[in-house]
Amino acid sequence: MEIASDLQSSISNPCMELTEVERERLAKLEQLRASGIEPYPLRSQFVRQRVLAADAVRQVLASAQSQADGTAGDDALSEVAVMGRVVARRIMGRAAFLGVEDGSGKIQFYARVGDDSLDATSFAHFKELDLGDFIEAKGALFITKTGEPTLRVTDWRLLAKSISPLPIAKEEKMPDGSVVRHSAFSDPELRYRQRYVDLAVNPEVREIFVTRAKVIKALREFLDSKGFLEVETPVLQPIYGGAAARPFITHHNQLDQDLYLRISFELYLKRLIVGNLERVYEIGRDFRNEGVSFKHNPEFTQLEFYAAYMDMYDVMDLAEEMLQYVAHQVLPPQAEGKSQFRGHTIHWLQPFKRIKLRDAILERTGIDYTRFPDRQSLADEVLRRRLLTPDVLRGKPWGKIVDSLIGDYVEKELVEPTFLYEYPRDISPFAKSVPGDPTTVERFEGFIGGVELCNAFSELNDPFEQRQRFLEEATNAEEGEANPVDDDYVRALMYGMPVTGGFGMGIDRLVMMFTNRDSIREVLLFPALRQEERAGLR
RNA sequence: GGGCCGUUAGCUCAGUCUGGCAGAGCAGGGGACUUUUAAUCCUUGUGUCGCAGGUUCGAAUCCUGCACGGCUCACCA
């Protein structure tokens, strides 16, 4: 709406922001109208006969092949209709070639003046088409003498005029078959701000989001097949919880009540386990009011599942099986279960490594943290070995120090899929303790390519201990990042929650791992950006 | 929030070190060309050099501040 009114004002106000090229095209559009051609027609004429570009190309190549083999009957190629966006133009006087791209790929249109193609008027308009215009055309398929599958246009219509020039790159086919892109639209800021342009012009960007959809579909397939029920829980929550992060705050006017955008689904999903739903999962958006980075966006997509009667080890098996299923469904067969990520080759189909957190830290830092069971002794030892600076240590409880050691010394090294397990209790307020070790809980995290991917535990179901953990959190957590005491959650546990295994995973990060993107922004259609300052959108 | 780097034509980018007419390719305009494909050939226009100050005879270039972005550190399970 706003863009439309913007354009409106730009048309009525000639000194506004239209560029030379845009004014040029606007004039062209008005000429079309004057000559009785609607630049934005109501509908396509040929939709019902539509053939995808890729299918048309396949069809004509197959036919050419069978003719070369001599196996061809007299299967003359039928007339087809193809529609798409003009992405290349080569005008040659009384003949013209257009590259046309649709959702499936590209095909070439060829038109010329003459009995077997277009009359003079129609051809004149055909030559006037701009890069970015949408058209539909009907005609017979053939292969040019340079071997290009082509539609010989005998009837065509403009479907939508493009005013602003798309930065369409030229593609050069090298002798070795590779394609070099010239002047590609590549400025990251512009690509994210005007993602529609990025998608229109960069096919590999579209491919990322196709893969993303496949990942999510595969996750659903897998969990559905294991008897999980997909559910939806509130995004607007009166008490946020389930993770240590600062929330976004909003307000409901009629209730006159502040609400938080959820930072996790955890506490609501476990209420459902109390309610006998036994196996539930949710795929949805979490919101965390924290800094942004290559792996953090203020809103991100999370998968959480909870399964009654499972423990951490069952969940580990299930998670491994799930990720391998996704890899199998998403990666092309020739990839053989491998993907590239942050300069590493990830082998998805090999058994995941499983390492006790204590051993991982001991190996990387020389510290056996079980020998330093209190904050002071661990801090002293970390300082003695110059592993962390006093600045980093300030205010951190014992568990947070261990966590910092993971982040600084362990995480980056975990390239192949790896589960680290058994975590400090005081950074895990919803996990059950390991028998006989009150400082440690049954919790694991999964790492791939040096990036944390998922987090899971044997869920704490003792309402009295849960209440105690909430209170401990409230006293020693830093400002704004405590899990607030959720009395209703404790009340739910009072009715009895079975032994339960739970799991959470950042889907954006998983997509990064399958698409070899180094930044979370590359796998989000519209990543968070600072608001554009300049008025007028341009 | 800190550090580093960047912002020049519609797109991709030179030019900034060492101040002296604002540049190239593509895209666009005019012309030629009936199987081209980064089409080609002839011809032609293209600018708030991110913004605001300052230094200077003179600033895209040097200085200061600001805005936006990228990377990175911190924060962040």
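For the P atoms, the distance linking U18(B) with U64(B) amounts to 15 Å, nearest Å. C49(B) and U8(B) have their P atoms separated by 11 Å, with the value rounded to a whole Å. Comparing the same atom, C1', in C42(B) and in A59(B) gives a spacing of 38 Å after rounding to whole Å. Comparing C21(B) with G3(B), their P atoms are spaced 35 Å from each other, to the whole Å. Going from the P atom of U12(B) to that of U7(B) covers 12 Å, rounded to whole Å. Comparing the C1' positions of U16(B) and U61(B) gives a spacing of 4 Å, expressed to the nearest Å. Taking atom C1' in both G15(B) and G6(B), the straight-line distance is 15 Å, to the nearest Å. A60(B) and A9(B) have their P atoms separated by 14 Å, with the value rounded to a whole Å.
Side chain of Y110(A), nearest nucleotide from U36(B), C76(B), U34(B): U34(B). When each of A77(B), U34(B), U36(B) is scored by its nearest atom to the side-chain atoms of A244(A), the top-ranked nucleotide is A77(B). Closest contact between the side chain of R193(A) and the listed nucleotides A77(B), C68(B), C76(B) involves C68(B). Comparing U34(B), C11(B), U36(B) against the side chain of F185(A) picks out C11(B) as the nearest. When the nucleotides A38(B), G10(B), A27(B) are ranked by their closest atom to the side chain of T19(A), G10(B) comes out on top. Closest approach to the V21(A) side chain among G28(B), U12(B), U36(B) is made by G28(B) (side chain taken as heavy atoms from C-beta onward). Side chain of F97(A), nearest nucleotide from U35(B), A77(B), U12(B): U35(B). The R112(A) side chain lies nearest to U34(B) when the options are U34(B), A77(B), A38(B). Considering only the side chain of R152(A), U35(B) comes nearest among C68(B), A77(B), U35(B).
Around atom NZ of K28(A), more than 12 heavy atoms belonging to other residues, nucleotides or ligands sit under 6.0 Å away.
One can place CD1 of I91(A) at 9 Å from P of G28(B), the figure rounded to the nearest angstrom. Rounded to whole Å, the distance from CG on L151(A) to P on U35(B) is 17 Å. The CZ-P distance, from R425(A) to A77(B), rounds to 18 Å in whole Å. Rounded to whole angstrom, the span from the CG atom of L388(A) across to the P atom of C73(B) amounts to 15 Å. Atom CZ of F248(A) and atom P of C76(B) are 16 Å apart (whole Å). In this structure, CD of E24(A) is placed 20 Å from P of A9(B), rounded to the nearest angstrom. The interatomic distance linking Y240(A) (OH) with C76(B) (P) rounds to 14 Å, in whole Å. Taking atom NZ on K295(A) and atom C1' on C71(B), their separation rounds to 15 Å, with Å as the unit.
Within 4.0 Å (heavy atoms only), K28(A) reaches sugar-phosphate atoms of the nucleic acid but no base atom. As judged by a 4.0 angstrom heavy-atom cut-off over every strand, E148(A) is placed among the base-contacting residues. Nucleic acid contact class of R25(A) (heavy atoms, under 4.0 Å, all strands): none. At the heavy-atom level, D187(A) lies under 4.0 Å from the strands shown only through sugar-phosphate atoms. Within 4.0 Å of A169(A), counting heavy atoms only, lies no atom of the nucleic acid at all. Heavy atoms of E452(A) sit under 4.0 angstrom from primed sugar atoms or phosphate atoms, though from no base atom.
The side chain of K145(A) contributes an N or O atom lying less than 4.0 Å from OP1 or OP2 of U36(B). OP1 or OP2 of G28(B) has at least one side-chain nitrogen or oxygen of R89(A) nearer than 4.0 Å. Close to A27(B), at under 4.0 Å from its OP1 or OP2, lies a side-chain N or O of K170(A). OP1 and OP2 of U36(B) both lie 4.0 Å or more from every side-chain N or O belonging to R90(A).
Looking only at distances, a side-chain donor or acceptor of R206(A) sits under 3.5 Å from a matching main-chain atom of L199(A).
Side-chain atoms of E189(A) and base atoms of U7(B) include no donor and acceptor less than 3.5 Å apart. At a cut-off of 3.5 angstrom, counting only N and O atoms as typed in the model, there is no donor on one side facing an acceptor on the other between the side-chain of D403(A) and the base of A77(B). No N or O donor and acceptor, one from the side chain of R181(A) and one from the base of A38(B), sit under 3.5 Å apart. Side-chain atoms of S186(A) and base atoms of U12(B) include no donor and acceptor less than 3.5 Å apart.
Looking at which nucleotide of RNA chain B each of L529(A) and I427(A) is closest to, the 5′-most match is held by L529(A). Position along RNA chain B of the nearest nucleotide to Y192(A) versus G147(A) favours G147(A) as the more 5'-ward residue.
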Start with the C-alpha gap between Y260(A) and Y240(A), add the side-chain angles, then the distance that decides, and say whether ring pair (Phe, Tyr, Trp, His ring centres under 6.0 Å) holds.
CA-CA 6 Å; Y260(A) 301 93; Y240(A) 64 95; 4.8 Å; yes
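For G69(B), the paired nucleotide is C5(B), the pair qualifying as Watson-Crick or G-U wobble because both relevant distances are below 3.5 Å. Both distances falling under 3.5 Å, in either a Watson-Crick or a G-U wobble arrangement, occur for no nucleotide opposite U55(B). For G19(B), there is no paired base (Watson-Crick or G-U wobble, both distances below 3.5 Å).
The residues E363(A) and R358(A) are annotated as not salt-bridged, no charged nitrogen and carboxylate oxygen being separated by less than 4.0 angstrom.
Y409(A) does not carry R364(A) over the face of its six-membered ring by the limits of under 6.0 Å from the centre and within 45° of the normal. Remark: R112(A) fails to qualify as a cation-pi partner of F97(A) under the 6.0 Å distance and 45° angle criteria applied to the six-membered ring.
Using modelled atom types, one finds no donor on one side chain facing an acceptor on the other under 3.5 Å when comparing N297(A) with R288(A).
With values rounded to the nearest 0.5 angstrom, F109(A) atom CZ is found 7.5 Å from L98(A) atom CG.
For F352(A) and F447(A), the gap between ring centers reaches or exceeds 6.0 Å.
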